[in-house]
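In each ligand, atom 1 is the first atom listed, and ligand 1 is the first ligand listed.
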Amino acid sequence: MTQVAIFETVSAMRAAVAGWHAAGEKVALVPTMGALHAGHIALVTEAQRHARRVIVSIFVNPTQFAPHEDFKKYPRTFDNDRALLAEANADAIFYPSVEEMYPAGFATRILLLGPAAVGLDDRFRPTHFEGVATVCCKLFTQSRADYAVFGEKDYQQLKVVTRMAADLDLGIEIVPLPTFREPDGLAMSSRNRYLSAEDRERAPLLHKVMQELAARLRNGEDLFKAVAEAQGEIISAGFELDYLEARHTQTLAPVTGLGDGPVRLLVAARLGATRLIDNIAV
Ligand code: PAF
C-alpha cells in the first residue's frame with residue numbers, strides 16, 4: 001500500500017506531473033465524482049496498465065447537474081475513497097474545491113454536437129454533457145495526463161468525451177473500460193446506494209432484458225418489434241422508462257437493424273428517485 005498524495009490545487013498537481021514527465025513516466029487520469037466502488041478501482045487498475053503514474057480526480061461537478069438533480073445529496077465519502085485508492089496503489093488524488101475549478105467570473109462552456117445531440121441522455125438531461133465536457137476538458141488540460149480512463153457504463157459520456165478530446169486536440173488518449181457489474185448483473189454505480197432494498201432486487205432486470213433483447217436481435221428478429229417488447233417488459237416491472245434504444249455503436253445514430261450496425265443497446269430508467277443507466281453491445 002502506498003501513501004496517496006492529495007493535490008487540492010492545479011499548480012500542485014501540475015508540478016508533480018511535470019516531475020513525472022521529466023523522469024520519462026507516463027501519467028493516466030481517472031476522472032471520478034468519488035463515492036468509489038469496485039468499478040472505479042477497475043479503472044485505476046486499467047490506468048496502471050497504461051501509465052506508471054495514476055491520478056484519480058474526485059470532484060462532484062456542479063455544472064453537470066440540473067437544479068432539480070441530486071448534486072447536494074450526491075454521496076461524498078472522501079475518507080473511504082482515499083483508503084480504497086491507497087489499497088489500489090494510486091499515486092495521487094486531485095481533490096479541488098468548487099472555487100479552484102470554477103473561480104469567480106468563470107463563464108465558459110463547450111458546445112457539443114455529434115454524440116452529445118442524439119436524443120438519448122441529452123433529451124432528459126439537456127445541460128448534462130455540456131457540464132461533463134467542460135469539466136473533463138479542464139481536468140485534461142490541468143493534469144496534462146497522457147491517458148484518461150472512462151467506464152463504458154456511461155456510454156454516451158464516453159463517446160462525447162472521446163469526440164471532444166479528438167476535436168479539440170487535447171493530446172490525451174481516452175481509454176474505455178467495459179462496465180463492472182454486481183454478481184446479479186446490475187451495473188456498478190455510485191447511485192445504486194440510493195436504491196431501497198426492494199428496488200435493489202428489481203434493478204438487475206434492466207440488464208437481463210437487454211441481454212435477452214440482444215439475443216433476439218442476433219437471432220434475426222425484427223428490431224422495432226423486439227425493442228418495443230423489451231420496453232414494455234421494463235415498464236411492466238415498475239420502472240419509469242426514459243429510453244431503451246438500439247443505436248450505432250460509434251455515432252449513436254438510430255439504426256433499423258443489425259445491418260446498420262455495429263449496434264449498441266442503451267437504456268435509462270428510474271426506480272423511485274434513482275435513475276439507472278446501462279448499455280450492452282449486440
Ligand atoms: O462519470 C463521472 O463520474 C463524471 O461524469 C465525470 C467524468 C467524473 C465528470 O465529472
Side-chain angles (χ1 to χ4, degrees), residues 7 10 13 28-44 46-47 54-66 69-78 80-81 84-85 88 90 92-102 106 108-110 112 115-116 120-122 124-143 145 147-165 168 170 172-181 187-194 266 268 274-279:
F7 305 132
V10 175
M13 175 168 61
L29 174 73
V30 179
T32 82
M33 298 204 298
L36 303 183
H37 50 66
H40 292 112
I41 302 306
L43 298 177
V44 173
E46 179 66 12
V54 173
I55 303 174
V56 178
S57 62
I58 297 182
F59 179 63
V60 185
N61 173 37
T63 65
Q64 69 188 73
F65 290 81
E69 291 182 343
D70 56 346
F71 172 69
K72 282 221 175 78
K73 80 165 203 191
Y74 196 85
R76 287 156 171 91
T77 58
F78 185 75
N80 190 53
D81 295 347
L84 288 175
L85 292 174
I93 300 173
F94 179 48
Y95 187 49
S97 63
V98 172
E99 294 70 34
E100 178 75 4
M101 292 301 276
Y102 299 114
F106 186 90
T108 300
R109 286 283 190 284
I110 294 178
L112 302 160
L120 293 171
D121 254 32
D122 50 300
F124 295 89
R125 307 183 73 189
T127 57
H128 173 66
F129 289 120
E130 190 184 88
V132 169
T134 303
V135 81
C136 286
C137 186
K138 283 174 67 73
L139 290 167
F140 297 167
T141 54
Q142 288 167 338
S143 66
Y147 303 92
V149 185
F150 284 80
E152 285 186 345
K153 200 212 68 170
D154 297 282
Y155 195 77
Q156 192 176 5
Q157 166 174 282
L158 170 67
K159 294 294 150 190
V160 169
V161 169
T162 305
R163 184 77 259 164
M164 174 195 66
L168 299 184
L170 296 181
I172 191 165
E173 184 179 330
I174 307 300
V175 177
L177 191 71
T179 303
F180 227 62
R181 297 185 181 280
M188 283 194 190
S189 162
S190 304
R191 289 189 169 102
N192 289 350
R193 67 188 76 193
Y194 298 154
L266 300 104
T274 309
R275 188 166 185 273
L276 302 172
I277 59 173
D278 202 351
N279 66 87

### Query
Could you walk me through whether Tyr95 and Asp81 pass the side-chain hydrogen bond (donor to acceptor under 3.5 Å, both in side chains) check?
CA-CA 11 Å; Tyr95 187 49; Asp81 295 347; over 6 Å; no
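- In terms of protein heavy atoms, atom 3 (O) of ligand 1 is closest to Met33 CG, 3.7 Å.
- In summary, the atoms of ligand 1 found under 4.0 Å from a heavy atom of Thr32, numbered by their order in the structure, are 8 (C).
- Which parts of ligand 1 touch Gln64 is read off a 4.0 Å heavy-atom cut-off, strictly below it: atoms 4 (C), 5 (O), 9 (C), 10 (O).
- Contacts with ligand 1 closer than 4.0 Å are made by no heavy atom of Val161, backbone or side chain.
- Near Phe150, with a cut-off below 4.0 Å to any heavy atom, the atoms of ligand 1 are 7 (C).
- Under the 30°/60° scheme for interplanar angles, the aromatic rings of Tyr102 and Phe59 are found to be tilted.
- Atoms of ligand 1 lying under 4.0 Å from at least one heavy atom of Pro31, given by number and element, are 8 (C).
- Below 4.0 Å from some heavy atom of Val135 lie the following atoms of ligand 1, by number and element: 9 (C), 10 (O).
- Exactly one residue among Val54, Ile58, Ile41, Ile93 makes a side chain to side chain contact (heavy atoms under 4.5 Å, CB included) with Val30. That residue is Val54.
- Open room surrounds CZ on Arg163; 12 or fewer heavy atoms of other groups in view lie less than 6.0 Å from it.
- Looking at Val160 and Gln157, their side chains never come closer than 4.5 Å, going by heavy atoms from C-beta outward.
- Residue, atom and distance of the protein heavy atom nearest to atom 1 (O) of ligand 1 are Gln157 NE2, 2.8 Å.
- Here Asp278 contributes atom CG and Lys153 contributes atom NZ; the two are 8.0 Å apart, rounded to the nearest 0.5 Å.
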